[in-house]
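A quick write-up on the structure given underneath.
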Amino acid sequence: MSPRSPREISVLVPPDLAPLYPDDPSRIGPYLVLGRLGQGSTGTVYAAVDTASATAGDRLVAVKLLRSPELESPDVHPALARRLRHLSRVDSDRVVVPLAFDADANPPWLSMPYLAGQRLSHYVTKRGGIGVGKLIALATALADGLSALHARGVSHGSLRPSEILLESNGPHIMECAIAPRAERLRGSGATWLSPERYRGGAPSPAADVFAWGAVVAFAGTGRLPFGPGEPEEIAERVASGDFGLDGLPQGLRPVVGRALDPDPDRRPSLREVTGSVFAVWRAEGSEEDGSPAGGREEISRVLEREWHAVEPPARVPEVIRLEGRMGDRRPTRTLFLAGSVSVAALLVGGGVWGLSQALGDGAEAGPVADGSSEAPEEEPVEEQDPGTLVVRFDPSEQAEPEPGVRERVWVYTPVTRDDEIPRDQGIPTHEAWAEQWEEAGDPGEAVIRTDAEVKCARFCAAPEHVFLDEEGRGTWDLSGGDFVDYLTWGPVMIVEITFAEDQEGDGPREVVEVVELFSD
């Protein structure tokens, strides 16, 4: 084997890393950008290479370009720089802190350690309320992380399940760089906003305690503590203290209930929160294993024991060719497979999405794919894939499930649009997005198989985050069973559904694949 070029380095990367968009940067500060990790309301996160690191396992970092309405005026950048400096000094394993940052760049950016895991929102959506051991570990870890933030004068301001990452050594609080203004959180974030924040108040430790209570209640019960509904309805319940904690371990209800008090002066401090949760742990947990009471050491033991099963997929080695001074050129990636080296033909992150894009599904290629220049564009789509429809699922159009019927029948309405899915237009609400589509046929009925492959883009994925490819198609994996659970309470959705070809009988058609369509 020939020696590796000095202009090549090896990096361990996620197996399903999404490719870069054409207008994505190839470098951010000193980092080489490899692919997309996610996009949210405050910017885009990229996987990138720290070329100064000595080992392949430490070279991968997450770099975020900060773009949000809060940063539209250059006057706020000094405050951003101060906040990032304070964040970088936070002493807690429970908070994702900056490794480096540049608040004066256009746009500003920060780098963070790369962490792989599941967002708490997805974990609970898939599994329901978590057990008492994991819940105690989660509650104490979040209180520890928030305490560390407050010790540096930083209030999170928007703590939600989608901003908590679970991995093998416990939860991590993310999205600390920018505290969004209240008006941007009153939609999907109403459940987690304290009354004073909903009214436009600034982030505060007391507001973070309220968010802690709402997150713990959600994690322990699998339900929204103030129930479903429109944001205004939820805000009214929040302001009146009308929450439900049924299903939460009995010992935790007093402290969580106090945290959800509409009056910030009556909420407990985080020190009180930690003490109360540990008292529950000593009463319900440590008696079982004989472990003595303690402080941070006990938190670490609980986290290690309770969350060790949340293991991320193994990363794969890739060789990054630096190619001279790089300039604006993107780094070339070479992937090791089964001990041999295979040069990637396209910059894809592996996984199902990358494979489908490399092979092409033919839907948009139309006449170009088969060499014909005369056939209309619409005809090849219908001929190639007659079992696929773009449809709207609307909760208001669904009938109540029949008692004793195992498989629920879902009503869908075919929809279409005259233009392509727009991009770089901001993240629309689900009502605004649904209104962009026109009905294209009579309603139908279908059964969604529990083993159907589902790719979410926005509404069945983590709130405030978008998982898209270049064509506006979702990339976040769920099962059909997860998707059915989501349809029972989620908003109107626009999805592409594929029906089974091997179905027998005359009943409702069976759906084997669902891809959410969305715009950013």
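If you're wondering where the values come from, they're calculated on a predicted model, not measured in any experiment.
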_Between E496 and T388, do the side chains contain a donor N or O and an acceptor N or O under 3.5 Å apart?_
no
Closest approach of [X] and [Y], non-hydrogen atoms and distance?
X	Y	value
G247	R223	N-NH2, 4.4 Å
R94	A141	CD-CB, 3.1 Å
P422	R417	CD-NH2, 3.5 Å

As an exercise, state the distance from [atom1] of [X] to [atom2] of [Y], rounded to the nearest 0.5 Å.
X	Y	atom1	atom2	value
R119	E163	CZ	CD	8.0 Å
L248	L135	CG	CG	6.0 Å
L146	I173	CG	CD1	4.0 Å
R197	R181	CZ	CZ	11.0 Å
S121	L166	OG	CG	9.0 Å

*Excluding sequence neighbours, so at least two apart, what forms side-chain contact (heavy atoms from CB on, under 4.5 Å) with E435?*
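Result, side-chain contact (heavy atoms from CB on, under 4.5 Å) vs E435: none returned.
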*Excluding sequence neighbours, so at least two apart, what forms side-chain contact (heavy atoms from CB on, under 4.5 Å) with P262?*
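Per chain and number, P262 pairs via side-chain contact (heavy atoms from CB on, under 4.5 Å) with P195.
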_Backbone of G472 reached by a side-chain donor or acceptor of D469 within 3.5 Å_ = yes
Just say parallel, tilted or perpendicular for the rings of [X] and [Y], cut-offs at 30° and 60°.
X	Y	result
H122	F467	perpendicular
W433	F518	perpendicular
Y412	F499	tilted

*asked:* Looking at R392 and E439, is any side-chain nitrogen of the basic one under 4.0 Å from a carboxylate oxygen of the acidic one?
replied: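 The answer is yes: the pair qualifies as a salt bridge.
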*asked:* Applying side chain to side chain donor-acceptor pair (under 3.5 Å) as the test, list every pair that has at least one member in residues 200-219; sequence neighbours left out.
replied: H150-D208
*Has R186 got its NZ or CZ under 6.0 Å from the middle of the six-membered ring of Y198, at an angle within 45 degrees of the ring axis?*
yes
*asked:* Once side chain to side chain donor-acceptor pair (under 3.5 Å) is applied, do any residues pair with H172, and if so which ones, sequence neighbours excluded?
replied: E167, N169
*Please name all residues satisfying side chain to side chain donor-acceptor pair (under 3.5 Å) with R267, sequence neighbours left out, ordered by chain then number.*
E196
*asked:* Checking D242 now: which residues fulfil salt bridge (charged side-chain N to carboxylate O under 4.0 Å, His left out) with it, not counting sequence neighbours?
replied: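 Per chain and number, D242 pairs via salt bridge (charged side-chain N to carboxylate O under 4.0 Å, His left out) with no residue.
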*Of the options V96, L110, V154, L87, which is the one that meets C176 in a side-chain contact (heavy atoms from CB on, under 4.5 Å)?*
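Testing each of V96, L110, V154, L87 against C176, the sole residue satisfying side-chain contact (heavy atoms from CB on, under 4.5 Å) is L87.
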